[in-house]
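In what follows, chains carry the letters A, B, and so on, assigned in the order in which the sequence lines appear, proteins first and then strands, with residues in each chain numbered from 1. What you see below is based on every heavy atom in this structure, not just the backbone, and it leaves out hydrogens, waters and symmetry mates.
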Amino acid sequence: MTSATGIGARVVRTEDKRFLTGTGRYVDDLPLARATYAYFLRSPHAHAKIKSIDISAAEKSPGVVNIFTGKDLVDAKVGGLICGWVVKDKNGEPHKSPPHPVMAVDTVRYVGDTVAMVVANSYDEAKDAAEAIRVDYEVLPAIVDLAKAFDKGAPQVHAEAPGNLIYDWEIGVKADVDAAFAKAAHVTKMDIVNNRLIPNAMEPRAAAAEYDKGTGNYTLWSTSQNPHVLRLILSAFVLGIPEHKLRVIAPDVGGGFGSKIFCYADETMVCWAASRVGRPIKWTAERTESFQTDCHGRDHVTHAELALDKDGKFLALKVETIANMGAYLSTFSTAVPTYLYATLLAGQYTTPLIYANVKAAVTHTAPVDAYRGAGRPEATFVIETIVSKAAAELKMDPAELRRKNFIPAEAFPYQTPVALQYDSGNYPPIIDEAMRIADYAGFEARRAEAKSRGKLRGIGFSSYIEACGLAPSQVIGQLGGGVGQWESAQIKFNPTGNVQVITGSHSHGQGHETTFAQLVHDRLGVPMDQIEVVHGDTSTTTFGMGTYGSRSLAVGGSAIMKATDKIIAKGKKIAAHLMEADVADVVFENGTFKVAGTDKAVPLAQAVFAAYVPHNYPLAEIEPGMDENAFYDPANFVYPAGTQICEVEIDPETGIVEVIAHTAVDDFGNIINPMIVEGQVHGGIVQGVGQALFEGAVYDKNTGQLLSGSFMDYTMPRADNFPSFKLGYKVTPCPHNPLGVKGCGEAGAIAAPAAVMNAVHNALAPIGVKHVEMPATPLNVWQSIQGAQRAAAE
Amino acid sequence: MAKLHVSTTINGEPQEFLCDAEQSMLDVLRGPLGLTGAKEGCGTGDCGACTITLNGRIVCSCLMLAAEAEGQEIGTIEGMAGEELHPLQQKFLESAALQCGICTPGVLMAAKALLEKNPDPTEHEVRFWLAGNLCRCTGYDKIIRAVMDTAADMRAAR
């Protein structure tokens, strides 16, 4: 069924009225009677021994209820925070796994590491008391510079990770790749840094917890993208509270972008301390705490080489990457620069041979983990900048070089040399459409016009591929992941015919309450206003894996479709009974069961009512009630792909880069709600352009102080930095999920950095600038221009 | 120290409250007054999530002392809709100009103040006016479009 509100319609978001009127309910908004407030004392040093902690003066501070330090957790036998993905190194050994105490015991390893928790009657009192805690630190040298992490004599982060090496991992056969390089007509080489980013969801992370003495039950409200996974980690590994005694609620959550997937020290402490304090505890991060302690993203140093034959066909790709893990291994950190990065290095191309070597380092910086795209933006940046660089070196059109190497439409399913099998796609029409929308043909005229005004124009391509819709559980298991990656759904009708759609996914801006309702409306014919999507509470939802990796629709939506199948199957039996027909003759159309070729009909609502009031009902054959569960485990990843084209104008006097136009054409498979998808693409593009032009986490290389620790120091993209974006779509439905969908949440951020930087390089090439690192800030660009001019003068 | 007694007007209704001298307006709104629509995104006046109006002018309520509300008129997101949504809220709804909703109250308060001051802004003016409101989700595109479209509708309705 397709209707004004079904699949493919621009349905107005169900959740928005509460957000527009200020009545959303986020963790910090919760009124909790008799609440106490937590403040965390954090390490001011990147690396230090804790010689002693004296809380005696702080305990006497007004309003203080309780103070906890790492020793209290040791005494209480609280476990450490875990990394849930075992990556095996070149020799088959599991990665080094240094302990990650919830609060530091004898050593702090980054600025922001948790040292003590103060609980008081008010937040200000907790903060005042924390100032009275005396910590005697012996400051030690810190390693902050990723490129030097493996140097001899570098300060060591963990005794359990000698040389600061977590793993030395590879994919592909190096000898084969080397042989291909030996025969190459042309080799393009590149050294790049993928700059470290701070996610900065606009809602800071927050937690609140209460303990019910009468039942022994804990309730933890957390800004989590995956409340069941958080509960599982806390129960099974960290706190030992049985899962059925711990309720985790992630209510309205204000953006995540990956940073709210992980299990953090502060929420763990709030939960643990609730039973000890005996009153509810609330904690919300200050923005600077978010900067210091939210898991950061990206942070790679990479050398890459691309071998081409004389016609420009790619022969082989060789990539060496050092990836920063930060001071501790966060929940999924180890997988990001391996299975979510190197496996994507084929991009949209037929490159037959690929070798990648990834070394993961620990440094005295905040932990690094998945951030919008997670590994795939880093891979796309490598491929798409080296391809454009090769085109420039060979004096070929960058679109032409890409087209020459695209995987042809008839080659799908396509087995890449780096493990993935792309299920579907058709790349040439995408780049054609992007070039049409961006008026690529008219670019040289625009460049000339800009030049007449003293400005440098450039245009850049980025043709990305993404593996998302995480993921087939058995594949994840083979790769070392510690969890299943299915999703759950439940469709629970009420006797009066309205319905709750219960999902294990979590919406923190994505609009699931609308998109998922559209699926059920489309499939079952229930009116949109009779459908409520329920998510985010472990007590009211079936165990689910949460939202990340553009998985919610492809996996969670598919689970919902499976559940609707079961509803229809049961409804047919009820309707057959009511119509005195054979079940094999019953069909379901537009919300009504019918017997083909007759005028007999039973609306779904009537079958539902009969199921709850089973007076005329086949009780001997089927149970009463209309409430069906489904779990869906995907057969493969999904593979969205697309091309972005960015056009920039640079003022050589100031180094300011202005984005003049940005085009994105994507293949997301079938689209359920185009209005929501557009928003996802827009937001992703801005995060990607932010990485390319504005954002960068900066630590002082000697002291390890976070220099970009506020919105005054870390440049967030703002409304005046952008034009309106131009979007287009091509559709090849995903062949292995029931909706034919591919996922759209990360694409914008994955493709944009390379498109922007290729445009910047294209603009600056005529004046001799060879390379600009991200972020291409005015200072960075201006200095590159000055450097090129000096070099030309010499 | 004794609490300060403040008499003010919030969303057109007289309101009294007690506060500490150092307490921010945002704290009092979100705490004792239970008006949690304004959000704290940074506490330093850089993100705009706590935007309210003070005598019709937008301010970051995280930077305003609660005691400064004495005798003044405060407007918050909770007072924006009457029986019906404000045209900006309605347009944001129709065009999905929001995602997670955290920045939305601040964006709406700022946009409303813009249209009261300038009913016919250019895109450039809208983008610069809203440059003080950080949004990490939408990429601003639909927000800007919604404000421009609302301005056009409101002009046409006049």
Side-chain angles (χ1 to χ4, degrees), chain A residues 10 12-13 15-26 28-31 124 199-204 252-257 284 286-288 507-511 514 673 675-676 678-687 689 710-712 716-725 748, chain B residues 20 22-23 27 30-31 34-47 49 76-81 85-86 88-90 92-105 107-108 123-124 126-145:
Chain A
R10 301 175 72 85
V12 163
R13 297 196 343 158
E15 47 269 79
D16 281 352
K17 196 164 178 192
R18 65 179 189 268
F19 299 140
L20 288 162
T21 52
T23 53
R25 279 290 169 267
Y26 302 83
D28 192 67
D29 299 339
L30 295 172
D124 287 347
N200 274 317
M202 288 316 299
E203 178 202 27
D252 287 332
V253 171
F257 316 109
T284 300
E286 295 185 9
R287 181 54 61 182
T288 289
S507 186
H508 31 281
Q510 294 88 342
T514 311
N673 186 329
M675 192 158 70
I676 287 176
E678 288 157 10
Q680 290 291 312
V681 176
H682 291 158
I685 289 172
V686 162
Q687 278 175 335
V689 176
S710 78
F711 287 143
M712 292 294 280
M716 291 280 283
R718 291 180 184 268
D720 58 316
N721 298 133
F722 298 93
S724 206
F725 305 118
Chain B
D20 295 323
E22 71 276 13
Q23 214 168 357
D27 258 7
R30 293 183 52 79
L35 296 171
T36 55
K39 306 297 181 192
E40 179 167 321
C42 66
T44 51
D46 296 310
C47 79
T76 73
I77 185 66
E78 286 87 352
M80 192 162 174
L85 292 176
H86 182 278
L88 275 165
Q89 290 170 312
Q90 185 61 35
F92 272 55
L93 180 68
E94 288 164 8
S95 51
L98 64 155
Q99 287 179 30
C100 82
I102 279 276
C103 74
T104 309
V107 169
L108 286 169
E123 178 175 337
H124 189 74
V126 176
R127 285 186 179 274
F128 271 80
W129 183 272
L130 292 178
N133 293 83
L134 285 176
C135 169
R136 197 56 154 166
C137 294
T138 64
Y140 304 105
D141 201 303
K142 285 177 182 285
I143 292 177
I144 303 301
R145 229 43 41 235

Below 4.5 Å, heavy-atom pairs only: which of [options] has the largest tally toward chain B?
options: A:Glu203, A:Met712, A:Met675; answer: A:Met675
options: A:Gly22, A:Gly509, A:Pro723, A:Ser710; answer: A:Gly509
options: A:Gly511, A:Gly255, A:Ser724; answer: A:Ser724
options: A:Val686, A:Val12, A:Asp29; answer: A:Asp29
options: A:Val253, A:Ile685, A:Asp28; answer: A:Asp28
options: A:Pro717, A:Gly24, A:Gly256, A:Gly748; answer: A:Pro717

Report which part of [X] has an atom under 4.5 Å of a heavy atom belonging to chain A: side chain, backbone, both, or neither.
X: B:Leu85; result: side chain
X: B:Leu134; result: both
X: B:Thr104; result: side chain
X: B:Leu93; result: both
X: B:Glu123; result: side chain
X: B:Ala131; result: both

If we only count heavy atoms from C-beta on, is the [X] to [Y] side-chain gap below 4.5 Å?
X: B:Ile143; Y: B:Phe92; answer: yes
X: A:Arg287; Y: A:Asn200; answer: yes
X: B:Leu88; Y: B:Met80; answer: yes
X: B:Lys142; Y: A:Glu678; answer: yes
X: A:Arg718; Y: A:Asn721; answer: yes
X: B:Lys39; Y: B:Arg30; answer: yes

Residue among [options] with most heavy-atom pairs under 4.5 Å to chain A:
options: B:Ile102, B:Thr76, B:Ile144; answer: B:Ile102
options: B:Gly139, B:Ser95, B:Pro105, B:Gly37; answer: B:Gly139
options: B:Ile77, B:Asp141, B:Thr44; answer: B:Asp141
options: B:Leu98, B:Val126, B:Val107; answer: B:Leu98

Legend entry - Donor-acceptor pair, side chain of A:Asp252 and main chain of A:Arg25, under 3.5 angstrom: yes
Inset, instruction - Mind telling me whether A:Phe722 and B:Tyr140 have parallel, tilted or perpendicular rings, with 30° and 60° as the class edges? - result: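 If you compare the ring of B:Tyr140 with that of A:Phe722, the planes turn out parallel.
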Inset, instruction - Report yes or no: do A:Glu286 and A:Thr288 form a side-chain donor-acceptor pair below 3.5 Å? - result: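 No, no side-chain donor-acceptor pair sits under 3.5 Å.
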Legend entry - Side-chain H-bond candidate by donor/acceptor type, A:Gln510 with A:His508, under 3.5 Å: yes
Under 4.5 Å from any heavy atom of chain B - which part of [X]:
X: A:Arg10; answer: side chain
X: A:Tyr26; answer: side chain
X: A:Thr21; answer: both

Inset, instruction - Could you tell me which residues satisfy salt bridge (charged side-chain N to carboxylate O under 4.0 Å, His left out) with B:Asp27, sequence neighbours excluded, listed by chain and number? - result: none
Legend entry - Partners meeting salt bridge (charged side-chain N to carboxylate O under 4.0 Å, His left out) with A:Glu15 (sequence neighbours left out):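 Here no residue qualifies.
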